[in-house]
Chemist: 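Here's a structure for you.
In what follows, chains are A, B, ... by sequence order, proteins preceding strands, each numbered from 1.
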There are 2 protein chains.
Amino acid sequence: MLPVMDANLDLHSIRIVRAIAEHGTISAAARALGYSQPAISQHLRRSEARLGTPLVIRSGRGVRLSEAGQVVARHAVAITSALDAASGDLAELVGLAAGTVRVAAFPTASSTLVPRLLGSMRQRHPGITVGYVEAEPPEAIAMLRDGAVDLAITFAYPGDRSDPHRPADVSLESVPLFTEPVVLAIPDRHALADRHQVALADLAEERWIAGCPLCRGHLLAACEAVGVTPNIELETDNAIAVLTLVAAGLGVALLPQLALATAPVPQGATVRSTTPSSDRSIQLVVQNGSRRVPSIAATIELLEQVDGADWGLARVT
Amino acid sequence: MLPVMDANLDLHSIRIVRAIAEHGTISAAARALGYSQPAISQHLRRSEARLGTPLVIRSGRGVRLSEAGQVVARHAVAITSALDAASGDLAELVGLAAGTVRVAAFPTASSTLVPRLLGSMRQRHPGITVGYVEAEPPEAIAMLRDGAVDLAITFAYPGDRSDPHRPADVSLESVPLFTEPVVLAIPDRHALADRHQVALADLAEERWIAGCPLCRGHLLAACEAVGVTPNIELETDNAIAVLTLVAAGLGVALLPQLALATAPVPQGATVRSTTPSSDRSIQLVVQNGSRRVPSIAATIELLEQVDGADWGLARVT
DNA sequence: CCGGAAGCATAATGCTCAGTTATTGAAAGC
DNA sequence: GCTTTCAATAACTGAGCATTATGCTTCCGG
């Protein structure tokens, strides 16, 4: 027993044997596989040397499969079909006929950006499953890093130190989508309510309503910039609640305009821009290289098409 | 949708993905597969470029499978097991644990060489199936060329024009096994029966018993060589019948000694060598390159060990 | 019986690909 | 903070695989 059977079958040999079994000759197999005839001839030779047994028997002008060749040909169907199944599934994924994208976004987006995104995805890529979880930017970023989600939609205020857009985080990549103004919600019977723009500095004595730490942080920073310290008496994340409180004359608040898209300004409250004006930026964040995943790329593509103007916002150019 | 999914999965990628799925890191997978770490890293990179989608997601210090990688890993088991099955069957064949050899041999061999061969094969290579069909040399050669059999055991007389041993037939390869003398069967009360050797020339007037065309051809050639023409009155292939006829005093015959190994010389007949003496050679014939088929090689090996002396014959050296 | 066509093998050549070692840069644990 | 581990990159090397060109055998038809 001289030959040590170590080097195993390779796909190419299997395909070649299969083709020979089907076409009867090496030349025909070569044509069918898109190779020149010597290529197949040589490869067979090498394979046979590796295996220690002939795969084909030269028979006159043509060849026929040896017993070993017949064994390979018999298995070839199973192997190639298993492989084709894998290729098919993979092609579905690549061709966006299948796949999963998990998205995290901040609460306000849940009723604005996200429904629109999910609708577009359903329409354009019905095979792709989109998962969604609501999370404030810091948690969304954490989930992204953990791999719990594939894509995060976050916001950030200028100068925000926890801005996920910051370059320090090399493993993440962020794309700005648009910016939206931060506006002042004020009771309409307030003395300053008839102005077009209200200066923050004039609001030093007001009672403030503020929500999440991030938003409150922005309020503090904006006020500090004009040398005042806001008096925060009421705390809630809920935009509707904030507006209702404002309408009741219980205070003023800064709200991102996006929040107004689904929370109608109630009787007794009105909205004004501020001086200095401030914007917050909406962005999507993915892991570095995720754009190469087709389903994620498709999601990003659709997100980039989402226009902030749909909610009366300015698109970032 | 830019990426054209054409270049398909290769075995290596599948193995790599499988190994990564099992071991968790690229380095561990590389160790398990016996490669260096950059080899796997690079191969993954190439595969991903080919497929148009990442297979793994770099996650901190390690990696984890992407969705596409999970798809591949899921199929990997089926594919590799199908491949292992094929390899296993092939290994059996190569390792002589399986296989089929079809043998053709002339009638006299059926009761001498062939039973011994079959017994040896059964003993030494129980997994190999040996098929047998009886055929005179010309038909045996034809079957060999047609692929109906893998190995032919034939005989030939010196100078025989249909000798399959002749070099003209380049697609066949023959191995001489041994030679056996052709002897004269003569009634023991015949006038020449008391001689040790009988000259063919002295038998010009005898009635001859002859069998198959090949044997008869030899008889004619041998007689012609000494200037006589045999008078063939009785024809039969059957050695026992020939001997019985000789014992009955109905004629003389030339018989290969192998025929006597299983046909006892009856009362009334005896056996003498002739002048000039003649031998016939026993040989095995296979298709060129068949020796590379393990099961055929094993058969040849055993056949070469068969000693003509087992039947009182001289071994060819 | 004898060209011609078809098929396989061989030779010579070129190039791509896949492996190696060496090195760097991050990330995780003590 | 330092060390260890892992992955990526760079540069090099060699083997494998393809190509074209050519010769030999076999089969078929005039």
Chemist: Hey, does the side chain of S27(B) come within less than 4.0 Å of dA7(D)'s phosphate (OP1/OP2), counting only N and O?
Modeler: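 Yes, S27(B) has a side-chain N/O under 4.0 Å of OP1/OP2 on dA7(D).
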Chemist: Whole Å only: how far is the CD atom of E48(B) from the C1' atom of dA7(D)?
Modeler: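 Rounding to the nearest Å, CD of E48(B) and C1' of dA7(D) are 12 Å apart.
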Chemist: What's the verdict on side-chain hydrogen bond (donor to acceptor under 3.5 Å, both in side chains) for S13(A) and D10(A), showing C-alpha distance, side-chain angles and the deciding distance?
Modeler: CA-CA 6 Å; S13(A) 304; D10(A) 62 310; 2.4 Å; yes
Chemist: Choose from dC8(C), dT9(D), dA21(D) the nucleotide whose nearest atom is closest to any side-chain atom of P38(B).
Modeler: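 Nearest nucleotide to the side chain: dT9(D).
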Chemist: Salt bridge or not for R31(A) and E22(A), using N-O below 4.0 Å?
Modeler: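 Salt bridge absent between R31(A) and E22(A).
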Chemist: Quickly work out the H43(B) NE2 to dT20(C) P distance and round it to whole Å.
Modeler: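 Taking atom P of dT20(C) as the reference, NE2 of H43(B) is at 13 Å.
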Chemist: Rounded to the nearest angstrom, tell me the gap between atom CG in L33(A) and atom P in dT19(D).
Modeler: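 In whole Å, dT19(D) P and L33(A) CG are 11 Å from each other.
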Chemist: Looking at Y35(A), is R15(A) sitting on its ring face, NZ or CZ under 6.0 Å from the six-membered ring centre and within 45 degrees of the normal?
Modeler: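 That pair does not qualify as a cation-pi contact.
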Chemist: Hey, does the side chain of R102(B) reach the backbone of T100(B) with a donor-acceptor pair shorter than 3.5 angstrom?
Modeler: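 Here the side-chain-to-backbone pair does not exist.
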Chemist: Quick check for you: to the nearest 0.5 Å, what is the distance between L284(B) atom CG and T299(B) atom OG1?
Modeler: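 With rounding to 0.5 Å, CG (L284(B)) is 9.5 Å from OG1 (T299(B)).
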Chemist: At 10 degrees resolution, what angle do the end axes of the helix from dC1(C)-dG30(D) to dC30(C)-dG1(D) form when each is taken over five base pairs?
Modeler: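 Nearest ten degrees gives 30° for this helix.
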Chemist: Out of dA9(C), dC6(D), dT19(D), which has the shortest distance to the side chain of R58(A)?
Modeler: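 Closest of the options to the side chain of R58(A): dA9(C).
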Chemist: If I compare all heavy atoms of A298(B) with all of H125(B), which pair ends up nearest, and what's the gap?
Modeler: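 In terms of heavy atoms, the two residues are closest at CB-NE2, 3.6 Å.
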Chemist: Between Q42(A) and G62(A), who's closer to the 5' end of DNA chain C by nearest nucleotide?
Modeler: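 Nearest-nucleotide comparison on DNA chain C picks G62(A).
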Chemist: Rounded to whole angstrom units, what separation is found between the CZ atom of R46(A) and the C1' atom of dC8(C)?
Modeler: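 R46(A) atom CZ is separated from dC8(C) atom C1' by 15 Å.
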Chemist: How close or far is atom P of dT22(D) from atom CD of Q37(A), stated in whole angstroms?
Modeler: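 Value for this atom pair: 15 Å.
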Chemist: Which whole-number value in Å describes the distance from H12(A) NE2 to dC17(D) C1'?
Modeler: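 Checked: the NE2 to C1' distance equals 9 Å.
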Chemist: By the 4.0 Å heavy-atom rule, please label S36(A) as base, sugar-phosphate, or nothing.
Modeler: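 Base, at least one base atom sits under 4.0 Å.
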Chemist: Which atoms form the tightest heavy-atom contact between I40(B) and A30(B), and what is the distance?
Modeler: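 Looking at all heavy atoms of both residues, the closest pair is CG1-CB, 3.5 Å.
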Chemist: Pick the nucleotide of DNA chain D nearest each of T25(B) and I40(A); which residue has the one closer to the 5' end?
Modeler: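 That would be T25(B).
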Chemist: What integer distance in Å separates I26(B):CD1 from dA7(D):P?
Modeler: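 Checked: the CD1 to P distance equals 5 Å.
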Chemist: Does a side-chain N or O from R45(B) land closer than 4.0 Å to OP1 or OP2 of dT9(D), or not?
Modeler: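 Yes, within the criterion.
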Chemist: Separation of L44(B) atom CG from dA7(D) atom P, in whole Å?
Modeler: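 It is 10 Å, rounded to the nearest whole Å.
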